[in-house]
Undergrad: 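First, the structure itself, so that you have it in front of you.
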Amino acid sequence: MGGDETGHVTGTADKDYNIIWFTEACLSNALRLETYIADAEKAGDRELAAFFQRAQATSRKGAEEGKALLAKRLSA
């Protein structure tokens with residue numbers, strides 16, 4: 001299957017699927033980073049913990065934007 005699936009196979013248009021995938025990836029990343037933050041804090045590495053916290057905030061922001069965009073498009 002190439003990059004030309006336009007919803008014929010999945011029933012979901014690529015643009016909608018892409019938003020769903022992006023949102024899920026951001027949420028999954030935010031969850032994974034929680035573990036990395038805890039590991040860094042346990043090791044006493046505040047610099048690394050802060051780095052992962054910033055990354056987690058960015059992932060959360062991406063997820064929120066993705067959810068809002070998806071809700072807007074699916075309600076239209």
Side-chain angles (χ1 to χ4, degrees):
M1 183 164 93
D4 58 334
E5 203 287 302
T6 59
H8 299 11
V9 174
T10 64
T12 304
D14 284 349
K15 62 186 178 79
D16 295 333
Y17 174 84
N18 293 345
I19 297 168
I20 293 166
W21 177 89
F22 174 82
T23 303
E24 188 280 330
C26 287
L27 292 168
S28 178
N29 197 47
L31 285 172
R32 181 177 299 112
L33 284 162
E34 191 67 22
T35 299
Y36 297 169
I37 292 164
D39 289 347
E41 288 174 342
K42 194 181 326 178
D45 192 335
R46 282 301 313 146
E47 180 182 28
L48 187 57
F51 170 75
F52 287 139
Q53 287 166 340
R54 290 191 304 275
Q56 186 181 52
T58 300
S59 290
R60 285 181 178 147
K61 181 180 181 207
E64 289 303 318
E65 289 181 24
K67 289 190 294 185
L69 184 59
L70 187 60
K72 180 177 114 178
R73 289 173 177 247
L74 292 179
S75 68

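Along the sequence shown, residues are numbered consecutively beginning with 1.
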Undergrad: Kindly compute the distance separating CD (Q53) from CZ (R46), expressed to the nearest 0.5 Å.
TA: 5.0 Å
Undergrad: If you look only at pairs with a residue in residues 64-76, which of them pass as a salt bridge (Lys or Arg N to Asp or Glu O under 4.0 Å), with sequence neighbours excluded?
TA: K61-E65, E64-K67
Undergrad: Could you tell me the separation between the CG atom of L74 and the CG atom of L69, rounded to the nearest 0.5 Å?
TA: 9.0 Å
Undergrad: Which atom names give the shortest non-hydrogen contact between E41 and A49, and what distance separates them?
TA: CG-CB, 3.8 Å
Undergrad: Could you walk me through whether L48 and F51 satisfy the side-chain contact (heavy atoms from CB on, under 4.5 Å) test, starting with their C-alpha distance in whole Å, then the side-chain angles of each, then the deciding distance to 0.1 Å, before giving a yes or no?
TA: CA-CA 5 Å; L48 187 57; F51 170 75; 4.2 Å; yes
Undergrad: Report the distance from atom OH of Y17 to atom CG of L70, rounding to the nearest 0.5 Å.
TA: 13.0 Å
Undergrad: With the side chain counted from C-beta on, respond yes when T58 and R54 share a heavy-atom pair under 4.5 Å apart, and no when they do not.
TA: no
Undergrad: Keeping S28 on the side-chain end and E24 on the backbone end, is there a donor-acceptor pair under 3.5 Å?
TA: no
Undergrad: How long is the straight-line distance from OG1 of T23 back to CG of N18, given to the nearest 0.5 Å?
TA: 10.5 Å
Undergrad: Working to the nearest 0.5 Å, report the span between CZ of R32 and CG of L27.
TA: 11.5 Å
Undergrad: Measuring from L33:CG to N29:CG, what's the distance to the nearest 0.5 Å?
TA: 4.5 Å
